Number of protein chains: 2
Amino acid sequence: MPHKKAQNLEIDNLDIQILSILMNNATTPYTEIAKELIVSGGTIHVRMKKLEEMGVIKGASLEVDPQKLGFDITAFLGIYLEKGSQYNEAVKRLKEVKEIVELYYTTGSWSIFAKIVCHDTTHLREVLNERIQSVPGIQRTETFISLEESVKRQISLD
Amino acid sequence: MPHKKAQNLEIDNLDIQILSILMNNATTPYTEIAKELIVSGGTIHVRMKKLEEMGVIKGASLEVDPQKLGFDITAFLGIYLEKGSQYNEAVKRLKEVKEIVELYYTTGSWSIFAKIVCHDTTHLREVLNERIQSVPGIQRTETFISLEESVKRQISLD
DNA sequence: GTTGAAAAGTGCTGCGA
DNA sequence: TCGCAGCACTTTTCAAC
């Protein structure tokens with residue numbers, strides 16, 4: 001019977017070490033990683049290709065400072081739905097709200113939990129009143145404003 | 001009187017367009033960005049250097065799939081402090097808990113709001129009971145477990 | 001400030017061990 | 001499966017506009 005080319009699809013210690021380095025700084029050259037882990041540059045390349053094929057690596061993104069770009073307010077939203085079954089429809093509508101940067105389906109008091117980034121309080125009020133509260137099925141929301149971001153990092157693989 | 005070399009420290013439309021492209025895919029070559037925005041590769045380089053010096057760009061990081069690395073649980077924690085003045089000391093201790101990936105000082109019911117990533121429920125219980133509840137000043141916590149991450153993206157600069 | 005091209009460094013591929 | 005060496009591509013620099 002036909003089958004795919006045999007591949008090693010396990011994640012070993014070397015893979016973890018490569019990921020740890022690149023999660024902190026995605027621009028680290030392969031040659032530098034190779035030197036640090038005492039393997040060849042080609043090996044790093046092969047491992048990275050494997051991790052990408054496995055879907056472990058989803059991509060690389062530039063981290064920016066929202067405040068320096070005029071986004072002064074980060075807030076969290078607990079959203080109550082009239083019925084839990086309205087989740088999918090509500091998410092579809094909420095995805096169109098560009099200010100929502102994260103959205104989760106959670107256990108506990110709320111059905112939906114969201115993170116939102118706005119320019120100022122006027123902008124926040126407009127997004128809340130006109131674009132979120134108007135979504136069908138949303139009963140009410142609770143807002144928590146972040147006064148300080150003290151930790152923002154990736155998971156530690158050690 | 002002595003003064004620094006004059007520099008244009010304003011962010012114009014071209015900067016915003018460059019950032020928009022790289023925020024979605026940090027590995028886009030400068031030459032490709034240049035072609036798309038109809039400027040030279042050198043210009044992209046100069047702008048990026050300016051944005052880095054201004055602190056607008058904080059770095060580039062590799063995005064991984066936590067589940068594929070054995071991290072199955074994402075949870076949110078609302079933390080009550082005995083006194084608000086204990087915030088700094090508590091954050092210092094909580095920073096040592098590697099499972100905490102985000103931590104905010106927020107308005108509303110809780111003093112601290114945190115995002116936490118764990119392997120499984122046993123791991124989550126251990127982190128909560130043994131490493132978070134034991135921090136001086138922490139009165140009690142409320143836990144919300146994420147059952148689905150529906151949105152995870154960067155702010156839109158348009 | 002921007003351009004275009006040259007110089008330096010990095011990523012990628014195939015052969016050999 | 002890994003390492004080495006050559007080729008292709010990207011980043012970086014710089015004189016000129």
Side-chain angles (χ1 to χ4, degrees), chain A residues 2-65 68-70 154 157-158, chain B residues 2-65 68-70 154 157-158:
Chain A
H3 57 275
K4 288 182 186 173
K5 188 181 73 177
Q7 271 189 42
N8 181 8
L9 290 177
E10 279 172 32
I11 297 171
D12 67 8
N13 210 271
L14 181 60
D15 297 321
I16 296 294
Q17 287 182 296
I18 295 168
L19 287 174
S20 291
I21 293 169
L22 287 170
M23 277 164 72
N24 288 321
N25 181 9
T27 59
T28 312
Y30 285 8
T31 48
E32 200 178 312
I33 302 171
K35 206 162 61 184
E36 198 173 326
L37 302 180
I38 318 171
V39 289
S40 77
T43 301
I44 306 291
H45 184 253
V46 170
R47 298 305 187 101
M48 284 297 286
K49 214 167 128 188
K50 181 189 77 178
L51 290 166
E52 274 166 27
E53 276 166 12
M54 287 174 73
V56 173
I57 294 171
K58 294 197 287 185
S61 67
L62 204 69
E63 277 170 39
V64 299
D65 186 336
K68 295 220 164 107
L69 289 167
Q154 301 251 42
L157 300 180
D158 304 336
Chain B
H3 55 274
K4 288 181 187 175
K5 189 179 72 176
Q7 272 187 43
N8 182 7
L9 291 178
E10 279 171 33
I11 297 172
D12 67 8
N13 211 273
L14 180 60
D15 296 321
I16 296 293
Q17 287 182 296
I18 295 168
L19 287 174
S20 290
I21 293 170
L22 287 170
M23 277 164 73
N24 287 321
N25 181 10
T27 59
T28 312
Y30 284 8
T31 48
E32 199 178 313
I33 301 171
K35 205 162 59 184
E36 199 172 326
L37 303 179
I38 317 171
V39 289
S40 77
T43 300
I44 306 291
H45 184 252
V46 171
R47 298 305 188 101
M48 285 297 287
K49 215 167 124 187
K50 181 188 79 178
L51 290 167
E52 274 165 27
E53 276 167 12
M54 286 173 72
V56 173
I57 294 171
K58 294 198 287 185
S61 66
L62 204 69
E63 277 170 38
V64 298
D65 186 336
K68 295 220 163 106
L69 290 167
Q154 301 252 41
L157 300 180
D158 304 334

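These numbers were taken from a predicted model, which means no experiment stands behind them. Lettering follows sequence order; numbering is per chain, from 1.
- Taking 4.0 Å as the cut-off between side-chain N and carboxylate O, A/Lys58 and B/Asp65 do not count as a salt-bridged pair.
- Annotation: the span from A/Tyr30 atom OH to A/Ile18 atom CD1 amounts to 9.0 Å, rounded to 0.5 Å.
- Contact between the side-chain N/O atoms of B/Arg47 and the OP1/OP2 oxygens of C/dT2 is found at a separation under 4.0 Å.
- Going from atom NE2 of A/His45 over to atom C1' of D/dA5 covers 15 Å, rounded to whole Å.
- A/Thr43 comes within contact range of the sugar-phosphate backbone alone, with a heavy-atom separation under 4.0 Å but no base atom that close.
- Within 4.0 Å (heavy atoms only), A/Val46 reaches no atom of the nucleic acid at all.
- A straight line from CD1 of B/Ile33 to P of D/dC9 spans 18 Å, rounded to a whole angstrom.
- Residue B/Ile18 contributes atom CD1, which lies 12 Å from atom C1' of C/dT2 at whole-angstrom precision.
- Here the CD1-NZ distance, from B/Ile57 to B/Lys50, works out to 10.0 Å after rounding to the nearest 0.5 Å.
- Checking D/dG3, C/dT10, C/dT3 against the side-chain heavy atoms of A/Val39 singles out D/dG3 as nearest.
- Within 4.0 Å (heavy atoms only), A/Thr31 reaches sugar-phosphate atoms of the nucleic acid but no base atom.
- In this structure, CE of B/Met48 is placed 18 Å from C1' of C/dG1, rounded to the nearest angstrom.
- Taking atom OH of residue A/Tyr30 and atom P of nucleotide D/dG3, one finds them 16 Å apart after rounding to whole Å.
- In this structure, A/Lys49 atom NZ and C/dC12 atom P are separated by 9 Å, rounded to whole Å.
- Interatomic distance, A/Ile38 CD1 to A/Ile33 CD1, rounded to the nearest 0.5 Å: 14.5 Å.
- Each of D/dT11, D/dG3, C/dT10 was ranked by its minimum atom distance to the side chain of A/Ser40; first place goes to D/dG3.
- Judged purely by atom type and a 3.5 angstrom limit, B/Asn24 uses its side chain to pair as donor or acceptor with the backbone of B/Ser20.
- Here C/dG11 presents its C1' atom at 15 Å from CD of A/Glu32, a figure rounded to the nearest Å.
- One atom, CG of B/Asn25, and another, P of D/dT10, lie 13 Å apart when rounded to the nearest Å.
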